[in-house]
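The structure under discussion appears below in the form of C-alpha cells.
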Protein chains: 2
Amino acid sequence: MTATPDAKPRGTRLPRMARRRQLLSAAQEVFVENGYHAAAMDEIAERAGVSKPVLYQHFPGKLELYLALLDLHVDDMVTRCHEALASTTDNKQRVQAAIGAFFDFVSSQGEAFRLVFESDLRNVAPVRQRMERSLRESAEAISQVIQEDTGCSSDEAHLLGVGLVGMAEVSARYWLSSHGSIPKEAATQLMARLAWRGISGFPRTG
Amino acid sequence: MTATPDAKPRGTRLPRMARRRQLLSAAQEVFVENGYHAAAMDEIAERAGVSKPVLYQHFPGKLELYLALLDLHVDDMVTRCHEALASTTDNKQRVQAAIGAFFDFVSSQGEAFRLVFESDLRNVAPVRQRMERSLRESAEAISQVIQEDTGCSSDEAHLLGVGLVGMAEVSARYWLSSHGSIPKEAATQLMARLAWRGISGFPRTG
DNA sequence: CGCCCATCCTACGCGCGGGTAACCAGGTCA
DNA sequence: TGACCTGGTTACCCGCGCGTAGGATGGGCG
C-alpha cells in the first residue's frame, strides 16, 4: 500500500531528492485513486509517512504537484507513440505498434493513465493544455505519416489522426476495465485490423 | 446570456414547473462553462434571477441537480445513436449515420456534450455510471449490428463497437474545437470512410 | 374580507481542506 | 563542544461554498 515497498517507520530522514520521488509516488497513488478534487494533501503526506509541511517544502501547492505528475505521464504517452511509429516503416505494422502503445500505456504504472485521459480539472487551463498536448502530439505524429502516404490535406490528415487516437484510447481503456475477457495481444490485433481495413473488412456470415 | 431570452426582472413569480425548467437551463449553462466543481450554486441561482433557497426547493442538492442534467443528455446521445442505426439497413450508410449522430450531438445544445464526455466528477459513482452508460449503450447498439453481420464473438464485437464510438466521439470533439477548418459534412464523411474502409483505404500518392 | 398556501428573500452556520507559523532534533565541522 | 544547517513536527488560520432557518409577499378561495 505504501508508495515504496520499503516500509520506513515514519520519522526516517531522507535526502531531499529521495523524499521528492517518494512524495511524487504517494501523490500519484492518491490522485489516481480519487482524482484531483477528492485528493487531500493531508492524505498524500500521510501515505508518504510524512507531515504536510514537508510536502510544501517540495512543491509550492497542490496544483503544481499535480502538474508535475501530469507532465511525466503525458511525456510517457507521447514518447510511446513516437517510438511505435518509428519502430518500422511498414504502415500496417505501424498501426499495430501505435495501437499497442496505447494498450501498453493504460496497463502500466498503476492506472496512471487516468491522469492523462480522465482528469477532473479539465477546466483549469494548464491541465487542459497538457491533456490536449497528449492528444495533439500523438495525432500529429500519426497525421505526418498519413500525409506522406496519401493525398490528404493537412486538416484532413489531422482529423484522421485524432480519430485513430480516439479509437485506440477509448478501446484500450475499455479493454482494461473488462479485465481479462480478451487477452491484450488479441485486443490490439483486433483494433489494428479495424484501423487498417475498416469495419467492412470483417468476415460476413450471411 | 440569461437562461431564457425573456428577461424577467427578478422578483417575478413563476409556476413550479416553469421555474424548474428555467433552473435546469441556468444550471446547464454554468456546469458546462465551469464544470461541476467550479460551479457555484449561488451563481446558478443568480443566473436564473432567483435566490439560492429556490434552487433547493426544486433539487435536494448540487449533485442531484447535476445528475438530472446528465441523465437528460446521456439519454439524448444514446437515442441519437439508436436512431442513426435504425435509419437504414445498409451498413455503410449506418456507419455514416452513426458518426453523424456524434457530430450532431457535440454541436447541439450549447456544448452540453461536455457533461457526458468531459465531466469532472468521474470519481463519483453515480456520475461514472452514467458516463459509462452512454459509452456502453452506444457501443452495444453498434456491436449488435456487427455480431449479426460478422463471425465475431460477443466480446470482440463489443470491443469493436467501443473503438468505433471512441473514434467518433474524440474526432467530433476535435472537429468542434477546430471550429470551421473543415465543414461538418466533409468531416463526418471522412471519418465514416475511415471507419468503413480503414486507413489503408486512402489513396496512395507514391 | 381575511385565511392560507405557494413562492421567494436575507442572512447565517459550519465543515472541509489548502496553506502557514513556530518550534524540535540530530549529524557535521571548526 | 557548541553553532548551524537540513529535515521534520504539531497546531493553527481562514476562505470558500453548500445547505438552512426564519421571515416576507401576494393571489385564490371560503
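We name chains A, B, ... by the order of the sequence lines, and we start the count at 1 in each one.
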Notebook entry, point to check: Rounded to whole angstroms, how far apart are CE on B/Met17 and C1' on C/dA6?
Noted result: 13 Å

Margin query: To the closest 0.5 Å, what do you measure between CD (A/Gln22) and NE2 (A/His58)?
Written below: 9.0 Å

Notebook entry, point to check: Under a 4.0 Å N-O cut-off, is there an ion pair linking B/Arg128 with A/Glu118?
Noted result: yes

Next item on the list: Take the protein atom CG of B/Asn34 and the nucleotide atom P of D/dC18, then report the distance between them rounded to whole Å.
Entry: 12 Å

Next item on the list: Using heavy atoms and a sub-4.0 Å distance, could you list which residues of residues 53-62 of chain B are near DNA chain D? By number, please.
Entry: B/Pro53, B/Tyr56, B/Gly61, B/Lys62

Checklist line | Qualifying residues under side-chain contact (heavy atoms from CB on, under 4.5 Å), relative to A/Ser153, sequence neighbours excluded | finding: A/Asp155, A/Glu156

Next item on the list: State plainly whether the residues A/Arg94 and A/Asp90 are in salt-bridge range, i.e. N to O under 4.0 Å.
Entry: no

Checklist line | 4.5 Å side-chain heavy-atom contact, B/Asp120 and A/Leu121 | finding: no

Check: Which residue pairs satisfy the salt bridge (Lys or Arg N to Asp or Glu O under 4.0 Å) criterion with at least one member in residues 102-112 of chain B, sequence neighbours excluded?
Finding: B/Asp104-B/Lys184, B/Glu111-B/Arg114

Notebook entry, point to check: Does the B/Glu64 side chain pair with the main chain of B/Gly61, one donor and one acceptor, at a distance under 3.5 Å?
Noted result: yes

Notebook entry, point to check: D/dG8 P sits how many Å from A/Arg20 CZ, rounded?
Noted result: 14 Å

Find every protein N or O atom lying less than 3.5 Å from an N or O atom of nucleotides 12-14 of chain C, and list the pairs.
none

Note to self: Below 4.0 angstrom, which residues in residues 35-42 of chain A have at least one non-hydrogen atom near DNA chain C?
What the structure shows: A/Ala39, A/Ala40, A/Met41, A/Asp42

Item checked: Side-chain N or O of A/Arg19 closer than 4.0 Å to phosphate OP1/OP2 of D/dG8 -> yes

Item checked: Length of the line joining B/Glu46:CD and C/dT10:C1', which is rounded to integer Å -> 15 Å

Check: Are any side-chain N or O atoms of A/Ser171 and backbone N or O atoms of A/Ala168, one a donor and one an acceptor, separated by less than 3.5 Å?
Finding: yes

Next item on the list: Could you list the residues that satisfy side-chain hydrogen bond (donor to acceptor under 3.5 Å, both in side chains) with A/Asp75, not counting sequence neighbours?
Entry: A/Arg133

Next item on the list: Round to the nearest Å and state the distance from A/Leu65 atom CG to C/dG17 atom C1'.
Entry: 15 Å

Next item on the list: Classify the side chain of B/Arg13 and the base of C/dA6 as holding, or not holding, a donor-acceptor pair under 3.5 Å.
Entry: yes

Next item on the list: Return the orientation label for the A/Trp175 and A/Phe103 ring planes: parallel under 30°, perpendicular over 60°, tilted otherwise.
Entry: tilted

Item checked: A/Glu46/A/Lys52 ion pair, N-O < 4.0 Å -> no

Check: Between C/dT7 atom P and B/Gln22 atom CD, what is the distance in whole Å?
Finding: 14 Å

